[in-house]
Amino acid sequence: MPAFSHIVNHYIKTTTVNFRTVTQSPEEWHRDWQASHDRYPWLLAVDGDEPVGLAYAVPWKARNAYDWCAEATVYVADGHHRRGIGRLLYGRLLDGLDRQGYRSTMGVIALPNEASVTLHEAYGFQHVGTLRSVGYKHGRWCDIGFWQRRVAHADTPPGDLLPISEVWPT
(Lines give C-alpha, C1' and ligand atoms only; values in the text may rest on other atoms or scores of the structure.)
Protein backbone atom coordinates (compact mmCIF):
# COMPACT_ATOMS: atom_id res chain seq x y z
CA MET A 1 0.00 0.00 0.00
CA PRO A 2 2.90 2.45 0.14
CA ALA A 3 2.69 2.71 -3.67
CA PHE A 4 -1.01 3.58 -3.54
CA SER A 5 -0.31 6.16 -0.87
CA HIS A 6 2.60 7.71 -2.77
CA ILE A 7 0.78 7.96 -6.11
CA VAL A 8 -2.51 9.33 -4.79
CA ASN A 9 -0.94 11.67 -2.23
CA HIS A 10 0.69 13.57 -5.09
CA TYR A 11 -2.79 14.38 -6.41
CA ILE A 12 -4.13 15.20 -2.96
CA LYS A 13 -1.31 17.69 -2.34
CA THR A 14 -1.05 19.33 -5.76
CA THR A 15 -4.37 19.12 -7.63
CA THR A 16 -8.13 19.33 -7.36
CA VAL A 17 -8.74 15.92 -9.01
CA ASN A 18 -8.95 14.35 -5.54
CA PHE A 19 -11.08 16.21 -3.00
CA ARG A 20 -9.17 14.97 0.03
CA THR A 21 -7.15 17.69 1.71
CA VAL A 22 -5.15 15.42 4.02
CA THR A 23 -2.84 12.76 2.62
CA GLN A 24 -3.55 9.06 3.14
CA SER A 25 -1.22 6.70 4.97
CA PRO A 26 -0.43 3.21 3.70
CA GLU A 27 -2.33 1.90 6.75
CA GLU A 28 -5.46 3.75 5.68
CA TRP A 29 -5.13 2.29 2.17
CA HIS A 30 -4.71 -1.16 3.70
CA ARG A 31 -7.93 -0.75 5.72
CA ASP A 32 -9.81 0.33 2.57
CA TRP A 33 -8.40 -2.64 0.64
CA GLN A 34 -9.32 -5.03 3.46
CA ALA A 35 -12.90 -3.77 3.39
CA SER A 36 -13.45 -4.43 -0.31
CA HIS A 37 -10.76 -6.58 -1.94
CA ASP A 38 -12.78 -9.79 -1.74
CA ARG A 39 -15.39 -8.32 -4.08
CA TYR A 40 -13.67 -5.48 -5.97
CA PRO A 41 -10.38 -5.57 -7.92
CA TRP A 42 -7.37 -3.43 -7.01
CA LEU A 43 -4.57 -3.22 -9.59
CA LEU A 44 -1.07 -1.79 -9.50
CA ALA A 45 1.08 -1.23 -12.61
CA VAL A 46 4.84 -1.38 -12.23
CA ASP A 47 7.69 -0.61 -14.60
CA GLY A 48 10.54 -2.73 -13.30
CA ASP A 49 10.32 -2.08 -9.58
CA GLU A 50 8.68 1.34 -9.91
CA PRO A 51 4.92 1.70 -9.31
CA VAL A 52 3.55 3.77 -12.21
CA GLY A 53 -0.22 3.59 -11.80
CA LEU A 54 -3.15 2.07 -9.98
CA ALA A 55 -6.81 1.32 -10.55
CA TYR A 56 -9.41 -0.04 -8.20
CA ALA A 57 -13.13 -0.42 -7.70
CA VAL A 58 -15.27 0.09 -4.63
CA PRO A 59 -18.99 -0.12 -3.87
CA TRP A 60 -21.04 2.64 -5.49
CA LYS A 61 -23.37 2.88 -2.50
CA ALA A 62 -23.86 0.72 0.60
CA ARG A 63 -27.48 -0.33 -0.01
CA ASN A 64 -28.08 -3.81 -1.45
CA ALA A 65 -30.02 -2.61 -4.51
CA TYR A 66 -26.71 -1.12 -5.75
CA ASP A 67 -24.88 -4.47 -5.59
CA TRP A 68 -24.42 -4.64 -9.38
CA CYS A 69 -22.86 -1.18 -9.62
CA ALA A 70 -19.24 -0.29 -8.80
CA GLU A 71 -17.27 2.95 -8.71
CA ALA A 72 -13.96 2.78 -10.58
CA THR A 73 -10.87 4.93 -10.10
CA VAL A 74 -7.54 5.18 -11.89
CA TYR A 75 -4.39 7.20 -11.14
CA VAL A 76 -1.13 7.40 -13.07
CA ALA A 77 2.03 8.24 -11.14
CA ASP A 78 3.43 11.73 -11.61
CA GLY A 79 5.87 11.78 -14.51
CA HIS A 80 4.36 8.71 -16.22
CA HIS A 81 1.45 10.26 -18.14
CA ARG A 82 0.87 9.77 -21.85
CA ARG A 83 2.34 6.26 -21.87
CA GLY A 84 -0.95 4.33 -21.99
CA ILE A 85 -0.77 3.26 -18.35
CA GLY A 86 -4.19 4.65 -17.44
CA ARG A 87 -5.81 2.99 -20.46
CA LEU A 88 -4.12 -0.33 -19.72
CA LEU A 89 -5.19 -0.30 -16.07
CA TYR A 90 -8.74 0.87 -16.77
CA GLY A 91 -9.20 -1.67 -19.55
CA ARG A 92 -8.16 -4.53 -17.26
CA LEU A 93 -10.24 -3.23 -14.36
CA LEU A 94 -13.40 -2.77 -16.43
CA ASP A 95 -12.98 -6.14 -18.15
CA GLY A 96 -12.73 -7.81 -14.75
CA LEU A 97 -15.81 -6.01 -13.43
CA ASP A 98 -17.74 -7.05 -16.55
CA ARG A 99 -16.69 -10.69 -16.11
CA GLN A 100 -17.74 -10.60 -12.46
CA GLY A 101 -21.24 -9.55 -13.55
CA TYR A 102 -21.34 -5.86 -12.65
CA ARG A 103 -23.91 -4.14 -14.83
CA SER A 104 -22.88 -0.56 -14.31
CA THR A 105 -19.67 1.26 -13.41
CA MET A 106 -19.55 4.85 -12.22
CA GLY A 107 -16.74 7.32 -12.69
CA VAL A 108 -16.69 10.45 -10.53
CA ILE A 109 -14.52 13.20 -11.99
CA ALA A 110 -13.54 16.49 -10.37
CA LEU A 111 -13.91 19.09 -13.10
CA PRO A 112 -12.24 20.35 -15.14
CA ASN A 113 -10.22 17.24 -16.01
CA GLU A 114 -10.22 16.70 -19.77
CA ALA A 115 -7.78 13.76 -19.59
CA SER A 116 -10.05 11.82 -17.25
CA VAL A 117 -13.17 12.67 -19.26
CA THR A 118 -11.46 11.46 -22.45
CA LEU A 119 -10.32 8.24 -20.77
CA HIS A 120 -13.78 7.47 -19.40
CA GLU A 121 -15.54 8.21 -22.67
CA ALA A 122 -13.03 6.02 -24.57
CA TYR A 123 -14.33 3.11 -22.46
CA GLY A 124 -18.00 3.84 -23.12
CA PHE A 125 -18.81 5.97 -20.09
CA GLN A 126 -21.49 8.59 -20.68
CA HIS A 127 -21.88 11.84 -18.78
CA VAL A 128 -25.00 11.56 -16.63
CA GLY A 129 -24.81 14.67 -14.46
CA THR A 130 -22.80 17.41 -12.80
CA LEU A 131 -22.93 18.88 -9.32
CA ARG A 132 -21.78 22.50 -9.41
CA SER A 133 -19.36 24.07 -6.92
CA VAL A 134 -19.53 21.23 -4.41
CA GLY A 135 -15.87 21.12 -3.42
CA TYR A 136 -13.50 23.88 -2.35
CA LYS A 137 -9.80 23.18 -2.70
CA HIS A 138 -6.69 25.19 -3.56
CA GLY A 139 -8.62 28.45 -3.42
CA ARG A 140 -11.44 27.63 -5.82
CA TRP A 141 -14.79 25.93 -6.08
CA CYS A 142 -14.89 22.74 -8.15
CA ASP A 143 -17.61 20.77 -9.87
CA ILE A 144 -18.05 17.00 -9.82
CA GLY A 145 -19.17 15.14 -12.92
CA PHE A 146 -20.69 11.68 -12.99
CA TRP A 147 -20.01 9.26 -15.83
CA GLN A 148 -21.73 5.90 -16.14
CA ARG A 149 -20.81 2.82 -18.15
CA ARG A 150 -23.62 0.32 -18.59
CA VAL A 151 -22.92 -3.19 -19.81
CA ALA A 152 -26.42 -4.68 -19.57
CA HIS A 153 -29.86 -3.48 -20.52
CA ALA A 154 -32.18 -2.26 -17.79
CA ASP A 155 -34.91 -4.74 -18.72
CA THR A 156 -32.83 -7.84 -17.88
CA PRO A 157 -32.67 -9.06 -14.29
CA PRO A 158 -29.27 -9.21 -12.62
CA GLY A 159 -27.36 -12.44 -12.23
CA ASP A 160 -25.11 -13.52 -9.42
CA LEU A 161 -21.80 -11.71 -9.15
CA LEU A 162 -18.81 -13.97 -9.54
CA PRO A 163 -16.35 -13.98 -6.66
CA ILE A 164 -13.23 -11.99 -7.43
CA SER A 165 -11.17 -15.17 -7.00
CA GLU A 166 -12.84 -16.69 -10.08
CA VAL A 167 -12.09 -13.68 -12.29
CA TRP A 168 -8.76 -12.55 -10.84
CA PRO A 169 -6.72 -15.64 -9.96
CA THR A 170 -3.86 -15.04 -7.56
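These numbers come from the heavy atoms of this one structure, side chains and all, not from hydrogens, waters or symmetry mates.
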| request: Start with the C-alpha gap between S116 and W147, add the side-chain angles, then the distance that decides, and say whether side-chain contact (heavy atoms from CB on, under 4.5 Å) holds. | output: CA-CA 10 Å; S116 187; W147 271 257; over 6 Å; no
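- To the nearest 0.5 angstrom, T16 atom OG1 is 10.0 Å from D143 atom CG.
- When all heavy atoms are compared, the tightest approach of A57 to A70 is CB-CB, 4.4 Å.
- Taking the six-membered ring where tryptophan is involved, the planes of W33 and H37 are essentially parallel, since the angle between them stays under 30° and well short of 60°.
- For the residue pair Y90 / H120, a side-chain donor-acceptor distance below 3.5 Å is found, with atom types taken as modelled.
- L97 and L161 end up in the same hydrophobic cluster when Ile, Leu, Val, Met, Phe, Trp and Tyr side chains are linked at under 4.5 Å.
- Residues V117 and Y123 fall within the same hydrophobic cluster, defined by Ile, Leu, Val, Met, Phe, Trp and Tyr side chains chained together at heavy-atom separations under 4.5 Å.
- When all heavy atoms of V8 and W29 are compared, the closest pair comes out as CG2-CZ2, 3.6 Å.
- One distance of note links CG of L111 with OG of S133; it measures 11.0 Å at 0.5 Å rounding.
- The CG atom of L94 lies 5.0 Å from the CZ atom of F125; values are rounded to the nearest 0.5 Å.
- Contact detail for A72 and T105: the closest heavy-atom pair is CB-CG2, 3.6 Å.
- At a threshold of 4.5 Å between non-hydrogen side-chain atoms, the residues I7 and P51 count as touching.
- Within 6.0 Å of CG in D38 there are more than 12 heavy atoms belonging to other residues, nucleotides or ligands.
- Of all non-hydrogen atoms in L89 and L54, the two that sit nearest each other are CD1-N, 3.3 Å.
- Listed for the R103 side chain is a donor-acceptor partner under 3.5 Å among the backbone atoms of T156.
- L119 and V52 fall within the same hydrophobic cluster, where Ile, Leu, Val, Met, Phe, Trp and Tyr residues are linked whenever their side-chain heavy atoms come under 4.5 Å apart, directly or through other members.
- Residue-environment remark: CZ (F19) exceeds the threshold of 12 foreign heavy atoms within 6.0 Å.
- Between the side chains of Y56 and D32, no donor-acceptor pair of N or O atoms lies under 3.5 Å.
- A 6.0 Å sphere centred on CZ of R39 holds more than 12 heavy atoms belonging to other residues, nucleotides or ligands.
- Applying side chain to side chain donor-acceptor pair (under 3.5 Å) to S104 and the options E71, Q148, R150 leaves one that passes, Q148.
- Within a 6.0 Å sphere centred on NE2 of H10, other residues, nucleotides and ligands contribute more than 12 heavy atoms.
- When all heavy atoms of L93 and T73 are compared, the closest pair comes out as CD2-O, 4.3 Å.
- In this structure a side-chain-to-backbone donor-acceptor pair under 3.5 Å is present from K137 to N18.
- When every heavy atom of Q100 is checked against every heavy atom of P163, the shortest pair comes out as NE2-C, 4.3 Å.
- The hydrophobic cluster containing Y75 also contains I12, counting ILVMFWY residues as joined when their side-chain heavy atoms lie under 4.5 angstrom apart, directly or transitively.
- Taking CG from N9 and CZ from R20, the interatomic distance works out to 9.0 Å, rounded to the nearest 0.5 Å.
- Under a hydrophobic clustering in which Ile, Leu, Val, Met, Phe, Trp and Tyr are joined whenever their side-chain heavy atoms come within less than 4.5 Å, directly or via other members, V58 and M1 fall into the same cluster.
- The shortest distance between side-chain heavy atoms of R149 and D98 falls below 4.5 Å.
- Rounding to the nearest 0.5 Å places CD of Q24 at 14.5 Å from NE2 of H30.
- Counting non-hydrogen atoms of other residues, nucleotides and ligands closer than 6.0 Å to CD of Q126 gives a total of 12 or fewer.
- Aromatic ring centres of W68 and Y102 lie farther apart than the 6.0 Å criterion allows.
- Expressed to the nearest 0.5 Å, how far CG of N113 lies from OG1 of T15 amounts to 8.0 Å.
- Between F146 and L131 there is a side-chain heavy-atom pair separated by less than 4.5 Å.
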